[in-house]
Amino acid sequence: MGSSTDRKRKLDLADDAKKQNKTLDARQSSGINPWTGKAYSSRYQSILQTRLKLPVYKFQSELLEAVADNQIVVIEGETGSGKTTQIPQFLVEIGYATPGKSCVGCTQPRRVAATSIATRVAEEMDVTLGKTVGYTIRFEDISDPNETVLKFLTDGMLLREAMSDPFLSRYSCIVLDEAHERTLATDVLMGLLMEVLPKRKKGSKHGELKVVVMSATLDAEKFQAYFGGAPLMKVPGRTFPVEVFYTAEPERNYLEAATRTAIQIHQCEGPGDILVFLTGEQEIEQACEEIRLGAQDMGKDASELVVYPLYSSLPPAQQRKIFSAAPGPKVVGGKPGRKVVVSTNIAETSLTIDGIVYVIDPGFSKQKVYNPRIRVESLLVSPISRASARQRSGRAGRTRPGKCFRLYTEQSFHNDLQETTYPEILRSKMSNVVLTLKKLGIDDLVHFDFMDPPAPETLMRALEVLNYLGALDDEGDMTDLGRQMAELPLDPQLSKMLICSPDYNCSDEIVSIVASMSVPQIFLRPRENAKAADEAKAQFVDNTSDHITLLNAYATYEEIPQAERRDWCWNNFINDRSISSAESVKKQLKGIMRRLDIPLVTCRGANGSFDTNAIRMALTSAMYMQTAYLQSAGNYLTVKDNQIVYVHPGSSIDSKPQWVVFEEFALTSKNYIRTVTTTRGEWLVEMAPHYFDLENFPECEAKDELMLEYKKLARRMTR
DNA sequence: GAGCACTGC
């Protein structure tokens, strides 16, 4: 086959695309909805008029031709272009999907986006949600394998589907939306697509797979290069101009500068709401307080200023307040009031607040960092990237022209900030990603085509951990245990813990613990009610284990009648959103356990109490890689990495046990270990004799104890 | 004796 033939075929396809495009218009004007066979509703016609005005419509034929000609197309679409709702529809309307056979999938990084976009698109297409158009997110599959032609799903969900369908055979076309966010799942999916696309060419077993990668920022060119020079199309957006101001000198205290700027805007600028970006809950509450005080100082004549905090752990009712309208003038004909929202990064991507005209950007956010040497992920306040700064300022121009005040110098913006934020894959542990890739059949991790390859040390660490856990054998091949672990939507350590828990007769308890650990903090401790919160928690405390403390709270919750749960949570300082999502997670995990034949057994005695030794053994069996031992100075030292750590003051553990295993490492004022369980030298030696080598152990009481245990173990084994 | 940005399966 000569290349001229190929080119001819491509041109034919492009012609087809054009022809079909015309029939599409004809079909729409015929007034019959091809998906339902019914006449279009008047609502459809009126929405269509709005849709046709979206900037992306001008690019419809160009886009469809590019997709017809290429397996991968990259689209750089600004906010307000309509790309997310319209492009998947274009693909479906031109015939890329056939009910019951193939569909177009569109990924989103967040669940709310997947569900709300699906709802909107179903409305635009005048079809029933869950039939022609559907969505799939964890815990919820609103799609129909026989009818759905357009499915919105979270990127993590598509990755999970790939585990049982490595060629993504049910899709004829995949749209990766918000690719610039570079979530862990998006990055893994892109690498996977690089492997799958050559096997899904035209005429292949599962038919041709088309991919459309959509990015909102300048790094679309990076995507283009990564995908072997795929065509890049730019779709303009529809937003209002935002004037950007910098400070003349660097600000020493960004918190103080931010509150001062907010007050100044209220005093001097025209009407419009203010959005302030800060890094965390504590900072935000403090800033809110100071802005309120500042507004009071302005006297009675000033117009009203209402201040709302916004961060994810805020109860939903309080989160919703940010959408309430700004207060009106105090007197008839007076100056209107103003709303200030002080927010974490949540307002940068996840939540959009209309009516924001002023943005205050101090230039920082909390970011996850991973240190492979000590195998610890932690949060660090760090400077944001230029891309992030642009995204933040864009929040001021959604409804009319706005202003953005950057609390750093223009020179700093250009010289000190990175162009883009490091993708998550460079800031995370890789153990779960590696397990997923192995499950997907990718054995050669070194040559796997990551857009940004993680550090070799990070991958080595992941392989090492998976080998210790028994998920990979010494050759790096997946074991049966590893295959089971990959089925569970958990960190490998937690998967291993769950799978092995029947050996300790406590899988019912471990599944509750694991579920409670995979949701946000269950115990609340508001600063103004700290004492009452501690007292409430005390009724659940097991002073040998934070994990068991969590279990006690969860198990009590399960027994509270549905109708009383909300009050019970409130009275006991329990985060009800968290604990009820723990219940959903537990339900999902139990379903998978059933499928994998992992028996559900309880260690609960007739009197209702748990066999806490059994639970602590099960915890130790999977967490021994995070062990610390007591030193005479009163601190703990981690095994292998020799990090000096302290048990977090919020821990249930009240004495100083010789040996502990811990869940996380928080680098704050000190190196704290959080969620800690007391363990025993004899368990460690028995469960992980390969891990605790005495050769490299510093002289300490703990070593003497280990020596003794080794001798006992040796005696048992020779007997 | 102190503090957990945000997602996702």
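These figures come from a predicted structure and were not determined experimentally.
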* To do: Send over the distance from A:L435 CG to B:dG8 P, rounded to a whole Å.
  => 21 Å
* Has the side chain of A:R386 got a donor or acceptor atom that lies under 3.5 Å from a matching backbone atom of A:F413? -> yes
* Within less than 4.0 Å of OP1 or OP2 of B:dG3, is there a side-chain N or O belonging to A:R674? -> no
* **Atom-pair distance (NZ on A:K439; C1' on B:dC9), nearest Å** => 14 Å
* Salt bridge or not for A:R110 and A:E181, using N-O below 4.0 Å? -> yes
* Go through B:dT7, B:dA5, B:dC9 for me and flag the one nearest to the A:R160 side chain. => B:dC9
* Structure fact -> Between CZ of A:R577 and P of B:dT7 the distance, given in whole Å, is 9 Å
* Output the single nucleotide from B:dG3, B:dC6, B:dC9 whose closest atom is nearest the side chain of A:M157. => B:dC9
* To do: Take the protein atom CD of A:E285 and the nucleotide atom P of B:dA2, then report the distance between them rounded to whole Å.
  => 21 Å
* Charged N to carboxylate O under 4.0 angstrom, A:E251 versus A:R406? -> no
* Check every atom of B:dA5, B:dG3, B:dT7 against the side chain of A:Q282 and return the nucleotide holding the closest atom. => B:dG3
* **Earlier contact from the 5' end, DNA chain B, for A:L310 and A:S518** => A:L310
* Asked: Starting at CD of A:E178 and ending at P of B:dG8, how long is that distance when rounded to a whole Å?
  -> 13 Å
* Report which part of the nucleic acid A:R525 touches: base, sugar-phosphate, or nothing (heavy-atom distance under 4.0 Å, all strands). => base
* Could A:R395 and A:D361 be called an ion pair, given the rule that one side-chain N must be under 4.0 Å from one carboxylate O? -> no
* Structure fact -> Taking B:dG8, B:dA2, B:dA5 as options, the one with an atom nearest any side-chain atom of A:H648 is B:dA2
* Decide, yes or no, whether a salt bridge links A:K531 with A:D534 under the criterion of side-chain N to carboxylate O below 4.0 Å. => no
* Asked: For A:L184, which contact category applies under a 4.0 Å heavy-atom criterion: base, sugar-phosphate, or nothing?
  -> nothing
* Asked: Can you list, by residue number, the residues of residues 489-500 of chain A that have a non-hydrogen atom closer than 4.0 angstrom to DNA chain B?
  -> A:P489, A:L490
* To do: Please state whether the phosphate of B:dT7, meaning OP1 or OP2, lies under 4.0 angstrom from any side-chain nitrogen or oxygen of A:T183.
  => no
* **Protein-nucleotide distance (A:F665, atom CZ; B:dC4, atom C1'), rounded to Å** => 16 Å
* Asked: More 5' along DNA chain B: A:G650 or A:D155, using each one's nearest nucleotide?
  -> A:G650
* So what does A:E281 touch, heavy atoms closer than 4.0 Å: a base, only the sugar-phosphate, or nothing? -> sugar-phosphate
* For A:R138, which contact category applies under a 4.0 Å heavy-atom criterion: base, sugar-phosphate, or nothing? -> base
Show me the side-chain donor-acceptor pairs of residues 340-347 of chain A shorter than 3.5 Å, one per line, residues at least two apart or across chains.
from	atom 1	to	atom 2	distance (Å)
A:T344	OG1	A:I346	N	3.2
A:N345	OD1	A:R392	NH2	2.9

* **Cation-pi, A:Y308 ring and A:K321 (6.0 angstrom, 45 degrees)** => no
* A:H648 and its ring pair (Phe, Tyr, Trp, His ring centres under 6.0 Å) partner, picked from A:F662, A:F665, A:Y672, A:Y636 -> A:Y672
* **Atom-to-atom span, CD of A:Q367 to P of B:dC4 - whole angstrom** => 15 Å
* Output the single nucleotide from B:dA2, B:dC4, B:dC9 whose closest atom is nearest the side chain of A:D534. => B:dA2
* **Phosphate-side-chain proximity, A:T154 and B:dC9, N/O vs OP1/OP2 below 4.0 Å** => yes
* Could you check whether A:K368 gets within reach of a base, just the sugar-phosphate, or nothing at all, counting any heavy atom under 4.0 Å? => base
* Asked: Do A:R595 and A:E487 meet the salt-bridge criterion of a basic N to acidic O distance under 4.0 Å?
  -> yes
* Asked: OP1 or OP2 of B:dC6 sitting under 4.0 Å from any side-chain N/O of A:S312?
  -> yes
* Asked: From the list B:dC6, B:dG8, B:dG3, which nucleotide is the closest neighbour of the side chain of A:Y672?
  -> B:dG3
* Rounded interatomic separation in angstrom, taking CD1 from A:I346 and C1' from B:dT7 -> 10 Å
